[in-house]
Amino acid sequence: MAFDIGNTLHAIETYILKLGLFQAVIIGEPKSPPGQGFYAAIWMQSVAISMIYAGGDTRESHVVTLRVYRDMLAENSEPALNLESEMASLLSKLMESLLGDTDLESTVMSIDAAGMDGSPMSAAFGYVDIGGTMYRIVDISIPMIVNGSSTLVGTGV
């Protein structure tokens, strides 16, 4: 088996859905405006082998982008908060949850928070237009260490 990327995507999708913070969580970017609440999309950013064990099993770095969407013209669900505060609050909850359960209750060995195998966990804010609706977004880069996703044959180890 080589690079079982599907398991990583489904592990993060399942974990994020269970948090109950989003109207919907999808794999891949939305093709039409997602709606008024908080929405999330997940896609692979990169995959790399960081170690080969005796016998050919691998340790891999799978980096997933989790994009959070919020219609920038939607009414705030918390009257005392503005859009930036809502996004910051949601990001704090997400990162706390992810770092509090670093194996995502799945085949992921650990979230690589400090970037031991590459880039650290990070977040970047921005805007994106989807079908004429402007969304405030935050892209969360989630690096994960995955063991045994693939086995190399004929490596001589």
Side-chain angles (χ1 to χ4, degrees), residues 1-51 58-74 76-78 81 83-150:
M1 175 188 314
F3 293 106
D4 197 355
I5 296 165
N7 273 350
T8 301
L9 285 170
H10 291 294
I12 192 104
E13 175 192 32
T14 300
Y15 186 81
I16 297 299
L17 275 167
K18 284 183 185 178
L19 295 176
L21 299 172
F22 299 100
Q23 305 295 323
V25 178
I26 63 168
I27 293 177
E29 295 183 71
K31 306 297 185 248
S32 58
Q36 292 290 313
F38 284 104
Y39 289 83
I42 301 162
W43 61 86
M44 291 303 295
Q45 184 175 323
S46 66
V47 177
I49 295 174
S50 55
M51 187 179 298
T58 62
R59 171 174 155 159
E60 300 167 22
S61 173
H62 292 190
V63 182
V64 171
T65 296
L66 169 64
R67 177 172 283 173
V68 175
Y69 298 85
R70 177 88 164 126
D71 183 336
M72 66 176 282
L73 298 178
N76 297 324
S77 57
E78 295 280 338
L81 298 177
L83 179 60
E84 288 304 302
S85 296
E86 282 191 324
M87 293 293 282
S89 176
L90 183 74
L91 176 61
S92 294
K93 289 175 189 173
L94 266 174
M95 291 183 99
E96 180 181 349
S97 294
L98 287 166
L99 295 174
D101 185 0
T102 60
D103 67 355
L104 304 179
E105 302 172 355
S106 73
T107 57
V108 172
M109 182 180 133
S110 178
I111 290 181
D112 192 7
M116 295 183 312
D117 279 3
S119 60
M121 188 171 181
S122 63
F125 288 78
Y127 296 90
V128 67
D129 182 304
I130 304 173
T133 302
M134 186 63 72
Y135 285 85
R136 184 67 166 139
I137 61 164
V138 60
D139 285 344
I140 307 164
S141 180
I142 307 169
M144 292 171 271
I145 298 171
V146 179
N147 272 334
S149 172
S150 66

- Note on the structure: Rounded to the nearest 0.5 angstrom, the CG-OG distance for D139 and S122 is 9.0 Å

- Task: Under the side chain to side chain contact (heavy atoms under 4.5 Å, CB included) rule, what do M44 and T65 come out as? Steps first, then yes or no, please.
- Result: CA-CA 6 Å; M44 291 303 295; T65 296; over 6 Å; no

- Report yes if the side chains of F38 and E86 come closer than 4.5 Å at any heavy-atom pair, otherwise no. yes

- Message: What's the separation between atom OG1 in T14 and atom CG in L19, rounded to the nearest 0.5 Å?
- Response: 11.0 Å

- Item | Interatomic spacing from CG in L94 to CE in M87 - rounded to 0.5 Å | 10.0 Å

- Message: Under a 3.5 Å distance rule, please check whether S97 uses its side chain to pair with a backbone N or O of K93 as donor and acceptor.
- Response: yes

- Validation row: Q45, V64 side chains within 4.5 angstrom (heavy atoms): no

- Message: Can a side-chain donor-acceptor contact be found between D117 and S61 if the only test is distance below 3.5 angstrom?
- Response: no

- Should the pair R136-D71 be classified as a salt bridge under the 4.0 Å nitrogen-to-oxygen rule? no

- Message: The criterion is side-chain contact (heavy atoms from CB on, under 4.5 Å); which residues satisfy it with L17, sequence neighbours excluded?
- Response: E13, V25

- Would you name the heavy atoms of S32 and I130 that are closest together and state the gap between them? C-CG2, 3.4 Å

- Task: Could you go through the side chain to side chain contact (heavy atoms under 4.5 Å, CB included) check for Y39 and I26 one step at a time?
- Result: CA-CA 8 Å; Y39 289 83; I26 63 168; over 6 Å; no

- Message: I'd like to know whether T8 forms a side chain to side chain contact (heavy atoms under 4.5 Å, CB included) with M144, so could you lay out the CA-CA distance, the side-chain angles of the two residues, the decisive distance to 0.1 Å, and finally the verdict.
- Response: CA-CA 9 Å; T8 301; M144 292 171 271; 3.6 Å; yes

- Between V146 and M109, does a side chain to side chain contact (heavy atoms under 4.5 Å, CB included) hold up when you go through it step by step? CA-CA 5 Å; V146 179; M109 182 180 133; 6.0 Å; no

- Task: Nearest 0.5 Å please: distance from the OH atom of Y69 over to the CD atom of Q23.
- Result: 15.0 Å

- For P30 against A41, the heavy-atom pair lying closest together: CD-CB, 4.1 Å

- Interatomic distance, I145 atom CD1 to R59 atom CZ [nearest 0.5 angstrom]: 4.0 Å

- Looking at side-chain heavy atoms only, is the closest gap between M134 and L73 below 4.5 Å? no

- Sequence neighbours excluded - salt bridge (charged side-chain N to carboxylate O under 4.0 Å, His left out) pairs with any residue from residues 121-131: none

- Taking all atoms of both residues into account, what is the closest heavy-atom pair of V63 and S141, and its distance? CG1-OG, 3.4 Å

- Message: So does A88 get a backbone contact from the side chain of S92, meaning a donor-acceptor N/O pair under 3.5 Å?
- Response: yes

- Query: Rounded to the nearest 0.5 Å, how far does CG of L66 lie from CD1 of I42?
  - Reply: 5.5 Å

- Message: Would you say that more than 12 heavy atoms from the other residues, nucleotides or ligands in this model lie under 6.0 Å from the CD of E84, or not?
- Response: yes

- Is I140 close to M121 at the side-chain level, that is, under 4.5 Å between some pair of heavy atoms? yes

- Which one of V68, L90, I16 satisfies the side chain to side chain contact (heavy atoms under 4.5 Å, CB included) criterion with L21? L90

- Message: Quick check: do V138 and R70 have side-chain heavy atoms less than 4.5 Å from each other?
- Response: no

